**Q** 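One structure, pasted below without further comment.
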Amino acid sequence: MRIKRLKLTGFKSFVEPTELHIEAGLTGVVGPNGCGKSNLLEALRWVMGENSPKSMRGGGMEDVIFAGTAQRPSRDFAEVTLLAEHDAHENIPGIIANDDDQELEVVRRIERGAGSAYRANGRDVRAKDIALIFADAATGAHSPALVSQGRIGSIISAKPQERRMMLEEAAGISGLHVRRKDAEQKLRAAETNLNRLSTILGDMD
Ligand code: ATP
């Protein structure tokens with residue numbers, strides 16, 4: 001997956017709609033202290049499903065919405081759009097159906113008092129679907145490729161279990177754990193139904 005564009009509206013200090021084109025190769029973001037460089041990286045993590053307000057440097061998720069300044073009133077919503085190009089083998093059932101359609105557009109929007117919602121290629125999707133899309137592409141809100149301030153120290157001091165999770169995310173297999181959990185739940189439900197059925201059949205004998 002290659003990220004091509006990021007659009008921000010009302011997200012933290014980016015009150016006006018702002019569009020960033022990310023070209024192939026190395027991209028650098030430079031600017032004076034407090035101009036919003038870290039906010040950009042946070043927007044990228046947020047649209048990929050970040051759910052911890054703490055890692056967004058806020059007390060609650062609504063803190064990502066532009067809070068206003070002395071000159072400008074606050075906003076009621078924040079929206080981040082990510083446009084990416086998919087590799088041919090990364091078909092996503094229901095969202096990217098065939099090899100010809102390789103553009104993925106993910107939109108996350110949060111409104112005050114109403115929580116946040118996601119769309120992928122124009123369809124309403126769940127946070128879980130978004131997590132799977134990015135996990136399968138070996139990226140996502142917790143990708144080890146997104147190195148924010150203090151992250152190196154936390155990797156060095158991480159427990160073996162936490163390091164293993166980072167490696168699994170980098171290898172693109174963390175989505176398999178989610179699918180395995182789902183499959184196990186379905187299996188348990190089917191076993192319960194089978195037990196109930198055999199009890200009913202036993203009663204009928
Ligand atoms: P540094 O180089 O010091 O790390 P930076 O360029 O990474 O700085 P950020 O930390 O991304 O800057 O941006 C901080 C700015 O974003 C601050 O001016 C802060 O007031 C503003 N900001 C953060 N959240 C909001 C919000 N919800 N509404 C309005 N402004 C916000």
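We use all heavy atoms of the structure for the numbers below, so side chains are in, but hydrogens, waters and symmetry mates are not. We count ligands from 1, going down the list as the structure has it; atoms in each ligand are counted the same way. Computed from a predicted model, the values in this text were never measured in an experiment.
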**Q** When you check the gap from the basic side-chain N to the acidic O, do Glu105 and Arg123 get nearer than 4.0 Å?
**A** no
**Q** Would you mind listing each N/O atom of ligand 1 next to any protein N/O under 3.5 Å, plus the distance?
**A**
unit_1: ligand 1; atom_1: 2 (O); unit_2: Asn33; atom_2: OD1; d: 3.3
unit_1: ligand 1; atom_1: 2 (O); unit_2: Lys37; atom_2: NZ; d: 2.8
unit_1: ligand 1; atom_1: 4 (O); unit_2: Gln149; atom_2: NE2; d: 3.4
unit_1: ligand 1; atom_1: 6 (O); unit_2: Cys35; atom_2: N; d: 3.3
unit_1: ligand 1; atom_1: 6 (O); unit_2: Gly36; atom_2: N; d: 3.1
unit_1: ligand 1; atom_1: 6 (O); unit_2: Lys37; atom_2: N; d: 2.9
unit_1: ligand 1; atom_1: 6 (O); unit_2: Lys37; atom_2: NZ; d: 2.9
unit_1: ligand 1; atom_1: 7 (O); unit_2: Ser38; atom_2: N; d: 2.8
unit_1: ligand 1; atom_1: 7 (O); unit_2: Ser38; atom_2: OG; d: 2.7
unit_1: ligand 1; atom_1: 8 (O); unit_2: Gly34; atom_2: N; d: 2.8
unit_1: ligand 1; atom_1: 10 (O); unit_2: Arg57; atom_2: NH1; d: 2.9
unit_1: ligand 1; atom_1: 10 (O); unit_2: Arg57; atom_2: NH2; d: 3.1
unit_1: ligand 1; atom_1: 11 (O); unit_2: Lys37; atom_2: N; d: 3.4
unit_1: ligand 1; atom_1: 11 (O); unit_2: Ser38; atom_2: N; d: 3.0
unit_1: ligand 1; atom_1: 11 (O); unit_2: Asn39; atom_2: N; d: 2.7
unit_1: ligand 1; atom_1: 11 (O); unit_2: Asn39; atom_2: OD1; d: 3.1
unit_1: ligand 1; atom_1: 12 (O); unit_2: Gly36; atom_2: N; d: 3.2
unit_1: ligand 1; atom_1: 13 (O); unit_2: Asn39; atom_2: ND2; d: 3.3
unit_1: ligand 1; atom_1: 16 (O); unit_2: Asn39; atom_2: ND2; d: 3.0
unit_1: ligand 1; atom_1: 27 (N); unit_2: Asp63; atom_2: O; d: 2.9
unit_1: ligand 1; atom_1: 27 (N); unit_2: Ile65; atom_2: O; d: 3.0
unit_1: ligand 1; atom_1: 28 (N); unit_2: Ala67; atom_2: N; d: 2.8

**Q** Give a yes or no on whether a salt bridge exists between Arg164 and Glu162, defined as a side-chain N under 4.0 angstrom from a carboxylate O.
**A** no
**Q** Looking at Glu79 and Arg108, does any basic side-chain N land under 4.0 Å from a carboxylate oxygen?
**A** no
**Q** Tell me whether Met61 is reachable from Phe66 by hopping between hydrophobic residues (I, L, V, M, F, W, Y) whose side-chain heavy atoms are closer than 4.5 Å.
**A** no
**Q** Look at Lys128 together with Asp182 and state whether they make a salt bridge at an N to O cut-off of under 4.0 Å.
**A** yes
**Q** Just checking, Arg112 and Phe77: is the charged tip under 6.0 Å from the six-membered ring centre and within 45° of the axis?
**A** no
